[in-house]
Participant: 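Below is one structure. I have some questions about it.
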Amino acid sequence: MNSTQNNIYVTIMAGGVGSRFWPASRNARPKQFLDMLGLGKSLLRLTFERFLKVCPAEQIYVMTNQQYRAQVLEHLPELKGHQILCEPSRNNTAPCIAYAALKLKKTNPNATMIVAPSDHLITDETTFVAKIQQAAKFASEQQALVTLGIQPHQAHTGYGYIKYQAAAAAPGVHRVDAFTEKPDKATAESFLQEGNYLWNGGIFIWQAATVLEAYIQYANSIYEVLYAGWDQYNTSKEQSFINEAYPKTESISVDYAIMENADNVYTIPADFGWSDLGTWDSIYQIQEKDEAQNVVSQCNALLQDTSGCLIHADPKKMIVVKGLDDYIIVDDKDVLMIFPKAEEQSIKAITKAVKDQGKAQYL
């Protein structure tokens, strides 16, 4: 292992509740702990094993909500307790990344961080690892904030976009001009026509020291709250400090807090079979379909006059469907959901309605 690899640390973000995957994803056991792909492994486990090709297990950390600590250890028994960073509150990605950066800088002043979600699909892991290593080398040599940009295959309105300069700053590395949050269809189509736009996959690479400088400049209130515990990091007092201080941080994404403000942001265009697995339709798109374009996931089904549907249920259950087109059908424990695929963006709102009805036991 060379010196660059010795300094590489991975932070996997695994604290979300996955409400768009309700009812399979619940507050008590969200989607990162589920075998959503029918491979016998959770999404978190698949992500962890992917990063074992980048650095050893002892240099992989998981950021999660404190209620999921035991589940992280259940899925990743290789980790030691100090490798699980527990948030006492959900304050979006900017505070959690600042916390991880401070902890890693205290661990190794030369640490290069890779930050990645726990619930993405990547089918070409060889290319993915090569791009990560390329980004880590560039970030370790420059004061650069690097993101992997995904080559867009369609005018998707559910992703953020990265506009990058055509001229390369280094082989395969381009300076970022702007970020655009989820555009409308016409704007997304214009981005694809221009050609210098990528999807923002939320995978970041930088030196811990570099990103902390960006926090000082652009998100100083978050930095000040968390830096106050510098002497407690990597000691027995760390968690009690975080429990008290972390809820005081601003709830904001790292994209808004840092990436859209900094002037040292770079991207590496990449194509490695990426999906953010953010919705039931994303599962539908990647799974094998029958002749009527139905996806039957992990259950027995009898389908008649039915097409374009996703059926997800307990393997021990028989699901019978007749006369439905383009529906999501999820039968999970105490909830049955039958939902038009075209309206799946409103599933998150449905979970709020369930909560508002005082039926949080179903969430």
Side-chain angles (χ1 to χ4, degrees), residues 9-16 61-66 85-118 135-136 138-140 142-149 159-164 175-182 200-234 238-267:
Y9 296 80
V10 172
T11 300
I12 300 171
M13 295 185 291
Y61 289 70
V62 175
M63 172 69 73
T64 192
N65 190 273
Q66 58 189 11
L85 284 65
C86 294
E87 310 163 273
S89 59
R90 290 188 170 93
N91 289 23
N92 215 315
T93 55
C96 84
I97 290 171
Y99 171 23
L102 284 161
K103 183 176 175 69
L104 291 178
K105 188 183 178 189
K106 185 79 178 286
T107 302
N108 178 350
N110 298 314
T112 295
M113 291 176 66
I114 299 159
V115 180
S118 59
F138 182 78
S140 71
Q142 311 283 336
Q143 303 298 305
L145 305 174
V146 184
T147 180
L148 294 190
Y159 300 149
Y161 284 73
I162 302 166
K163 182 182 181 182
Y164 67 96
R175 186 177 283 274
V176 170
D177 276 341
F179 289 86
T180 302
E181 286 301 309
K182 302 172 182 177
N200 182 1
I203 303 167
F204 306 111
I205 306 94
W206 43 51
Q207 292 178 54
T210 300
V211 78
L212 289 172
E213 285 297 325
Y215 274 92
I216 291 170
Q217 189 168 355
Y218 304 110
N220 190 251
S221 64
I222 293 173
Y223 178 84
E224 291 292 342
V225 168
L226 296 176
Y227 180 73
W230 178 257
D231 291 339
Q232 276 87 57
Y233 289 118
N234 299 330
E238 177 180 326
Q239 191 63 55
S240 59
F241 165 75
I242 288 297
N243 289 345
E244 181 184 352
Y246 195 91
K248 299 173 185 174
T249 60
E250 180 184 3
S251 180
I252 186 172
S253 73
V254 74
D255 299 88
Y256 282 130
I258 302 297
M259 303 302 280
E260 294 187 10
N261 295 307
D263 59 5
N264 57 335
V265 180
Y266 296 82
T267 190

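Note that this is a predicted model, so its numbers are computed, not measured.
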Participant: Report yes if the side chains of Q143 and Q207 come closer than 4.5 Å at any heavy-atom pair, otherwise no.
Facilitator: yes
Participant: Taking all heavy atoms of I222 and all of A98, pick out the closest pair and write down the distance.
Facilitator: CG2-CB, 3.9 Å
Participant: T64 side chain to A14 main-chain N or O, any donor-acceptor pair under 3.5 Å?
Facilitator: yes
Participant: Taking all non-hydrogen atoms of both residues into account, name the closest pair between M113 and A100 and its distance.
Facilitator: CE-CB, 4.0 Å
Participant: Please tell me if the side chains of E238 and Y99 come closer than 4.5 Å, counting only heavy atoms from C-beta onward.
Facilitator: yes
Participant: I'd like to know if the side chain of Y215 and the backbone of A94 have a donor-acceptor N/O pair within less than 3.5 Å.
Facilitator: yes
Participant: Which heavy atom of C86 sits nearest to which heavy atom of I242, and what is that distance?
Facilitator: O-CG2, 3.7 Å
Participant: Does some side-chain heavy atom of D255 sit less than 4.5 Å from a side-chain heavy atom of N200?
Facilitator: yes
Participant: Tell me, do V225 and E250 make a side-chain contact under 4.5 Å, heavy atoms counted?
Facilitator: no
Participant: Between Y161 and F179, does the ring centre distance come in under 6.0 Å?
Facilitator: no
Participant: Distance alone, cut at 3.5 Å: any donor-acceptor contact between the side chains of N91 and T249?
Facilitator: yes
Participant: Do you know which two heavy atoms are closest between W230 and K105, and how far apart they sit?
Facilitator: CH2-C, 4.0 Å
Participant: Find out whether T210 and L145 are in side-chain contact, i.e. whether some heavy atom of one side chain is under 4.5 Å from a heavy atom of the other.
Facilitator: yes
Participant: Tell me, do Y9 and T107 make a side-chain contact under 4.5 Å, heavy atoms counted?
Facilitator: yes
Participant: Give the intermediate values and the outcome of side-chain contact (heavy atoms from CB on, under 4.5 Å) for residues T180 and K163.
Facilitator: CA-CA 8 Å; T180 302; K163 182 182 181 182; over 6 Å; no
Participant: Please check this pair: side chain of S253 against backbone of T93, looking for a donor-acceptor N/O pair closer than 3.5 Å.
Facilitator: no
Participant: Are any side-chain N or O atoms of R90 and backbone N or O atoms of G16, one a donor and one an acceptor, separated by less than 3.5 Å?
Facilitator: no
Participant: Using a 4.5 Å cut-off on heavy atoms from C-beta on, say whether the side chain of L212 contacts that of L102.
Facilitator: yes
Participant: Would you call the rings of Y223 and Y227 parallel, tilted or perpendicular if under 30° counts as parallel and over 60° as perpendicular?
Facilitator: parallel
Participant: Is the closest side-chain heavy-atom distance between E181 and E260 below 4.5 Å?
Facilitator: yes
Participant: Can you list everything that forms a salt bridge (charged side-chain N to carboxylate O under 4.0 Å, His left out) with E213? Sequence neighbours excluded, please.
Facilitator: none
